[in-house]
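The shown structure was predicted, so the numbers you read here are calculated from the model rather than taken from an experiment.
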Amino acid sequence: MAEFTAKDVMALREMSGAGMMDCKKALVECNGDMDKAMDYLREKSLAASAKKAARIAAEGIVDSYVHMGGKIGVLVEVNCETDFVAKTDAFKELVHDIAMQIAAAKPTYIRKEEVNQDEIEHEKKILREQALNEPKPKPMNIIDKMVEGRIEKYYKEVCLMEQPFVKDPERTIAQLINEAVAKIGEKITVRRFVRYEMGEGLQKREDNFADEVMSQMKK
């Protein structure tokens, strides 16, 4: 009998983006060996997803979400390969969840690659200087790890694909989409989105509309 824990299953899920049951099966088949389980998932499902990534996804839908009272509005385009899939309830539900995620979590980019790397390097420089100017400065290797950790946190705040899914924070949006790809069998990509918040950029009283959206999503 393979020996592994629920934490091992969660760790494999985090690493691979595969579903819980797939991760559990992989660990059973590989006697709890995490590296072999990763290879197993690549062979069985992630490799197939990689092939899908090369396909053209030109179908899909544009969905909207307007928060109660019209305080926040989102338009998002999510693409798939066929009109048939675009019309399914599963795909529509996925796209609407993504629209609500954008309303709640306020991403400014879709994925890491879109973030201006000059800005990232500038931010790293400032963070290093702050750490070096502390009363008890840490060794540079520790500082570098701290800086990288803060940058990864920044990515999770501003990049849609890196954000924890509001309905299930144990999964990222990237994992949510990967699971949908495995179930639906087609390439799925978030192409673009726009988010409007009432009075954004104007001087006004503080209303945390994003928290309101999150509270509704968790009901």
Side-chain angles (χ1 to χ4, degrees), residues 9-10 12-26 29 37-67 72-115 155-156 158-196 213-214 216-219:
V9 178
M10 290 299 298
L12 184 59
R13 177 180 174 179
E14 181 70 25
M15 292 164 59
S16 67
M20 287 287 288
M21 295 306 296
D22 289 332
C23 290
K24 184 175 180 180
K25 182 179 178 181
E29 293 290 331
M38 276 293 294
D39 290 339
Y40 176 91
L41 287 171
R42 289 194 179 103
E43 291 168 4
K44 298 294 183 181
S45 60
L46 296 188
S49 295
K51 290 179 182 178
K52 291 183 180 72
R55 298 179 187 172
I56 297 173
E59 297 294 338
I61 57 175
V62 173
D63 192 29
S64 64
Y65 172 76
V66 178
H67 183 52
I72 294 177
V74 170
L75 283 173
V76 61
E77 177 183 346
V78 181
N79 299 131
C80 56
E81 295 178 51
T82 65
D83 187 52
F84 173 80
V85 163
K87 292 178 179 177
T88 62
D89 290 340
F91 184 77
K92 290 177 182 178
E93 183 180 350
L94 171 69
V95 178
H96 198 63
D97 278 344
I98 291 171
M100 292 186 72
Q101 174 78 23
I102 294 166
K106 302 176 68 172
T108 50
Y109 304 93
I110 296 174
R111 49 191 63 86
K112 282 183 179 182
E113 292 77 13
E114 297 175 5
V115 181
Y155 281 136
K156 289 180 180 180
V158 303
C159 299
L160 174 66
M161 302 298 282
E162 303 297 317
Q163 289 180 340
F165 182 31
V166 175
K167 286 185 176 180
D168 178 8
E170 295 297 323
R171 291 186 288 172
T172 64
I173 295 300
Q175 289 171 334
L176 179 71
I177 292 174
N178 284 340
E179 289 172 10
V181 169
K183 290 177 182 177
I184 293 172
E186 288 193 6
K187 178 181 178 180
I188 297 172
T189 58
V190 180
R191 181 167 181 248
R192 53 186 170 176
F193 69 84
V194 61
R195 181 185 185 277
Y196 296 104
V213 178
M214 283 189 177
Q216 285 202 359
M217 288 182 73
K218 291 178 180 178
K219 287 180 181 179

Peer 1: Of the non-hydrogen atoms in V115 and Y155, which two are nearest, and what is the gap between them?
Peer 2: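 The pair with the smallest heavy-atom distance is CG2-CE2, 3.9 Å.
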
Peer 1: Does the Q101 side chain pair with the main chain of P164, one donor and one acceptor, at a distance under 3.5 Å?
Peer 2: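 The answer is yes, because a donor-acceptor pair under 3.5 Å joins these two groups.
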
Peer 1: Return the CD to SG distance between E59 and C80, rounded to the nearest 0.5 Å.
Peer 2: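 The CD atom of E59 sits 6.5 Å away from the SG atom of C80.
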
Peer 1: Which heavy atom of C23 sits nearest a heavy atom of L12, and at what distance?
Peer 2: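 Scanning both residues completely, I find the closest heavy atoms to be O-CD2, 3.5 Å.
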
Peer 1: Can you confirm whether Y65 sits close enough to V76 that some side-chain heavy atom of one is under 4.5 Å from a side-chain heavy atom of the other?
Peer 2: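 A side-chain contact is absent here, since even the closest heavy-atom pair is not under 4.5 Å.
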
Peer 1: Would you say the side-chain atoms of R195 pair up with the backbone N or O of V74, donor to acceptor, closer than 3.5 Å?
Peer 2: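 Here the side-chain-to-backbone pair does not exist.
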
Peer 1: Working to the nearest 0.5 Å, report the span between CZ of F193 and CG of D63.
Peer 2: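 Result: 14.5 Å between the selected atoms.
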
Peer 1: Over all heavy atoms of both residues, which pair between E162 and K156 is shortest? Give the atoms and the distance, please.
Peer 2: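 So the two residues come closest at O-CG, 3.7 Å.
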
Peer 1: Quick one: pull up CD in E186 and CD1 in I188 and give me the separation to the nearest 0.5 Å.
Peer 2: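 Separation between the atoms: 7.5 Å.
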
Peer 1: Nearest 0.5 Å, please: how far is CD1 in I61 from CG in D83?
Peer 2: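 Between D83 CG and I61 CD1, I get 10.5 Å after rounding to 0.5 Å.
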
Peer 1: Between CD of Q163 and CD1 of I98, what distance do you get to the nearest 0.5 Å?
Peer 2: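 If I round to the nearest 0.5 Å, the distance is 11.5 Å.
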
Peer 1: Could you check whether any side-chain heavy atom of R192 comes within less than 4.5 Å of a side-chain heavy atom of V194, counting everything from C-beta outward?
Peer 2: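 No - every pair of side-chain heavy atoms lies 4.5 Å or more apart.
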
Peer 1: Any idea which heavy atoms bring F91 and G60 closest together, and the distance?
Peer 2: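 Heavy atoms only, the tightest pair is CE2-CA, 4.1 Å.
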
Peer 1: Show your working on salt bridge (Lys or Arg N to Asp or Glu O under 4.0 Å) between K187 and E81 and close with a plain yes or no.
Peer 2: CA-CA 6 Å; K187 178 181 178 180; E81 295 178 51; over 6 Å; no

Peer 1: Quick check for you: to the nearest 0.5 Å, what is the distance between N178 atom CG and M161 atom CE?
Peer 2: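 Reported to 0.5 Å precision, the distance equals 7.0 Å.
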
Peer 1: Is the backbone of T172 close enough, under 3.5 Å, to the side chain of Q175 for a donor and an acceptor to pair up by distance?
Peer 2: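 Such a contact is found between Q175 side chain and T172 backbone.
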
Peer 1: Could you check whether atom NZ of K112 has more than 12 heavy atoms from other residues, nucleotides or ligands sitting under 6.0 Å from it?
Peer 2: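 Atom NZ in K112 is packed in, count exceeds 12.
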
